[in-house]
Amino acid sequence: MLKARLAQNLGPISGLAIVANAKGIFARQGLDISVSNFTSGKQCLDTVLGGGADIATTAEAPVTAAAMAQQPIAFVAGMEYSDLKTMTAASAGIKTKDDLRGKRIAFTAGTGSEVYTSVLLKAAGLTSKDVTLVNLRPQEMLPAMAAGSIDAFDTWEPHVANAKKALGEGAIPLETKGLYSETFNIVVTQSYLAANPAIVSRFLASLIEAEGWLKLHPGEAIDVIAAATGMKRDELASIWPDYVYHVRLDDRILTTLRIHAAWRLETGNHPPGASMPDFSKVLVTAPLKALDPARVTLEARP
């Protein structure tokens with residue numbers, strides 16, 4: 001058995017890794033995976049960069065930060081993506097993106113929520129000066145809306161579904177589908193990949209097998225992931241279609257990384273002297289392409 005240490009964000013976004021572990025898929029692939037759970041992808045990637053783990057599950061925000069700091073990372077696969085969403089207070093009368101002008105919008109600084117908010121305002125022909133932005137953690141957004149101190153919030157599930165459940169007709173989702181997807185991915189260091197190609201290959205093969213099992217057994221997959229993450233089964237089931245589990249390297253990932261990096265450059269949220277990363281040095285296609293060439297569909301030059 002080949003041993004490896006996984007730093008995992010314990011949430012439905014890590015569903016494939018959770019399934020691979022719970023259903024013995026890692027073991028069948030000859031892997032002995034020890035899992036350390038964290039509450040953010042940033043913590044996972046920092047742990048790997050610090051030598052405390054070998055493999056990280058992480059979103060694009062920590063990836064672009066590491067790339068701009070010229071950390072030697074290898075992005076070997078995406079495994080999930082889901083759209084970020086906007087929930088509005090019914091009393092605010094927000095019917096379309098244009099109605100956001102003059103409104104109080106909550107977001108979470110330094111995360112995909114902040115980038116999504118920037119993209120959303122641009123799509124509406126607005127700037128941050130046209131609205132009042134309120135920096136809140138996701139779990140603070142529902143209470144703020146219930147108290148009437150914000151008109152809308154931009155975040156990820158399950159916080160949007162929680163607001164709908166709690167506020168009923170007092171909460172109305174804004175149609176923004178396809179505007180900004182947050183990706184969830186597998187990242188290692190370049191040196192680890194060079195020294196352990198078999199482990200990385202078997203890990204990705206495990207995720208592919210977990211993807212196939214999950215799609216054949218969605219009901220049991222919800223059971224497994226809800227139990228692992230401490231969610232109520234019915235709450236996960238209600239938002240299950242929002243999680244798109246697919247092991248791949250595609251242009252959606254590259255576009256998301258570039259949007260995030262451009263946001264960092266525009267806002268100054270980057271190391272001194274940083275420029276747009278050369279993602280061809282960050283996205284490493286060989287391990288996944290060797291397993292299943294159809295899963296690598298990067299057409300744009302990284």
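Following chains of ILVMFWY side-chain contacts shorter than 4.5 Å, one can reach Leu10 starting from Phe184, so the two form part of one hydrophobic cluster. Placement of Val187 and Val296 within a single hydrophobic cluster is found when ILVMFWY residues are connected by side-chain heavy-atom separations under 4.5 Å, directly or transitively. Met141 and Leu167 fall within a single hydrophobic cluster, where Ile, Leu, Val, Met, Phe, Trp and Tyr side chains are chained together by heavy-atom contacts under 4.5 Å. Residues Leu207 and Trp213 share a hydrophobic cluster, clusters being chains of Ile/Leu/Val/Met/Phe/Trp/Tyr side chains in contact below 4.5 Å. Criterion: ILVMFWY side-chain heavy atoms under 4.5 Å apart, direct or through other members. Under it, Ile73 and Met68 are part of a common hydrophobic cluster.
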Check the pair Val63, Leu257 against side-chain contact (heavy atoms from CB on, under 4.5 Å), reporting the backbone distance first and the verdict last. CA-CA 8 Å; Val63 172; Leu257 288 170; 3.7 Å; yes

Yes or no on side-chain hydrogen bond (donor to acceptor under 3.5 Å, both in side chains) for Thr64 and Arg264, after CA distance, side-chain angles and deciding distance? CA-CA 8 Å; Thr64 57; Arg264 288 192 181 280; 2.9 Å; yes

Kindly determine whether Ser280 and Asp278 satisfy side-chain hydrogen bond (donor to acceptor under 3.5 Å, both in side chains), including the steps that lead there. CA-CA 5 Å; Ser280 67; Asp278 178 359; 2.5 Å; yes

Any chance you could lay out the side-chain contact (heavy atoms from CB on, under 4.5 Å) test for Thr47 and Ser36, step after step, and finish with the verdict? CA-CA 10 Å; Thr47 300; Ser36 297; over 6 Å; no

Hey, mind stepping through Val48 and Val188 against side-chain contact (heavy atoms from CB on, under 4.5 Å) and telling me if it holds? CA-CA 7 Å; Val48 166; Val188 297; 5.5 Å; no

Start with the C-alpha gap between Asn9 and Thr57, add the side-chain angles, then the distance that decides, and say whether side-chain hydrogen bond (donor to acceptor under 3.5 Å, both in side chains) holds. CA-CA 6 Å; Asn9 184 337; Thr57 68; 5.9 Å; no

Could you go through Phe279 and Phe75, starting from their C-alpha distance and side-chain angles, then the distance that decides it, and tell me whether this counts as ring-ring contact (aromatic ring centres under 6.0 Å, His included)? CA-CA 9 Å; Phe279 286 112; Phe75 184 124; 8.7 Å; no

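If you chain together ILVMFWY residues whose side-chain heavy atoms come under 4.5 Å of each other, Leu216 ends up in a group of its own. Taking a 4.5 Å side-chain heavy-atom cut-off between Ile, Leu, Val, Met, Phe, Trp and Tyr, the cluster of Tyr180 extends to Leu84, Ile94, Leu100, Ile105, Phe107, Val115, Tyr116, Val119, Leu120, Leu121, Leu126, Val131, Leu133, Trp156, Leu174, Leu179, Ile259, Trp263.
Atom CG of residue Asp130 and atom NZ of residue Lys103 lie 12.0 Å apart, to the nearest 0.5 angstrom. To the nearest 0.5 Å, the span separating CD1 on Ile13 from CD on Gln8 amounts to 9.5 Å. Going from atom CD1 of Ile33 over to atom CE of Met1 covers 8.5 Å, rounded to the nearest 0.5 Å. Residue Ser206 holds its OG atom at 9.0 Å from CZ of Arg28, rounded to the nearest 0.5 Å. Taking OG1 from Thr176 and NZ from Lys85, the interatomic distance works out to 8.5 Å, rounded to the nearest 0.5 Å. The CD1 atom of Ile208 lies 12.0 Å from the CZ atom of Arg248; values are rounded to the nearest 0.5 Å.
Side-chain contact between Ser82 and Glu80 is present, with heavy atoms from C-beta onward closer than 4.5 Å. Contact of the Ile55 side chain with the Ile186 side chain is registered, since non-hydrogen atoms from C-beta on lie closer than 4.5 Å. Contact annotation: the side chain of Val160 approaches that of Thr155 to within less than 4.5 Å [non-hydrogen atoms, C-beta and beyond]. Looking at heavy atoms from C-beta onward, Leu16 lies in side-chain contact with Leu214 at the 4.5 angstrom threshold. Between Arg295 and His246, the closest side-chain pair of non-hydrogen atoms falls below 4.5 Å. Between Leu249 and Thr297 there is no side-chain heavy-atom pair separated by less than 4.5 Å. Using a 4.5 Å heavy-atom cutoff, the side chains of Leu2 and Arg202 are in contact. Contact annotation: the side chain of Met79 never approaches that of Glu211 to less than 4.5 Å [non-hydrogen atoms, C-beta and beyond].
Judged by distance alone, the side chain of Asn21 and the main-chain N or O of Ala17 form no donor-acceptor pair under 3.5 Å. With hydrogens and angles ignored, the 3.5 Å screen pairs no side-chain donor or acceptor of Glu235 with any backbone N or O of Met231. A donor-acceptor pair under 3.5 Å links the side-chain atoms of Arg104 to the main chain of Gly148, judged by distance alone. Formation of a donor-acceptor pair under 3.5 Å by the Glu157 side chain with backbone atoms of Ala161 is found in this model. Looking at Lys164, its side chain does come within 3.5 Å of a backbone N or O of Gly168 through a donor-acceptor pair. No donor-acceptor pair closer than 3.5 Å links the side chain of Thr229 to the backbone N or O of Gly11. At least one donor-acceptor pair closer than 3.5 Å links the side chain of Ser113 to the backbone N or O of Asp154. Using a distance-only test at 3.5 Å, with no hydrogens or angles considered, a donor-acceptor pair links the side chain of Lys215 to the main chain of Tyr245. A donor-acceptor pair under 3.5 Å is formed between the side chain of Thr108 and the backbone N or O of Leu136. For Thr88 (side chain) and Ile172 (main-chain N/O), a donor-acceptor pair under 3.5 Å exists by modelled atom type.
The list of side chain to side chain donor-acceptor pair (under 3.5 Å) pairs with a residue in residues 189-198, not counting sequence neighbours, reads Thr189-Ser191.
Remark: Glu175 does not engage Lys97 in a salt bridge, criterion side-chain N to carboxylate O under 4.0 Å. Salt bridge Arg233/Asp223: present, at least one basic N to carboxylate O contact under 4.0 Å. A salt bridge is absent between Arg252 and Asp250: the closest approach of a Lys/Arg side-chain nitrogen to an acidic carboxylate oxygen does not fall below 4.0 angstrom. With respect to Lys3 and Asp54, no salt bridge is recorded, no charged nitrogen being found less than 4.0 Å from a carboxylate O. In summary, Asp46 and Lys42 engage in a salt bridge, as defined by a charged side-chain N under 4.0 Å from a carboxylate O. Ion pairing between a basic and an acidic side chain is recognised when a charged N comes within 4.0 Å of a carboxylate O; Lys23 and Glu220 show such pairing.
Checked against Glu60 for a side chain to side chain donor-acceptor pair (under 3.5 Å), the options Thr256, Thr183, Asn185 give a single hit: Thr183.
Under the 6.0 Å cut-off for aromatic ring centres, Tyr243 and Tyr81 do not qualify, their centroids lying 6.0 Å or more apart.
Taking a 6.0 Å sphere around CZ of Arg137, one finds it holds 12 or fewer heavy atoms contributed by other residues, nucleotides or ligands.
Pairing each heavy atom of Asp83 with each of Ser181, the nearest pair is OD1-OG, 2.5 Å. Closest non-hydrogen pair, Leu193 versus Pro287, comes out as CD1-CG, 4.1 Å. The shortest heavy-atom contact between Ile199 and Ala4 is CG2-CB, 3.8 Å. Between Leu236 and Ile222, the closest heavy-atom pair is CD2-O, 3.7 Å. When all heavy atoms are compared, the tightest approach of Val284 to Ala74 is CG2-CB, 3.7 Å. Counting all heavy atoms, side chain and backbone alike, Ala237 lies closest to Pro241 at O-CD, 4.1 Å.
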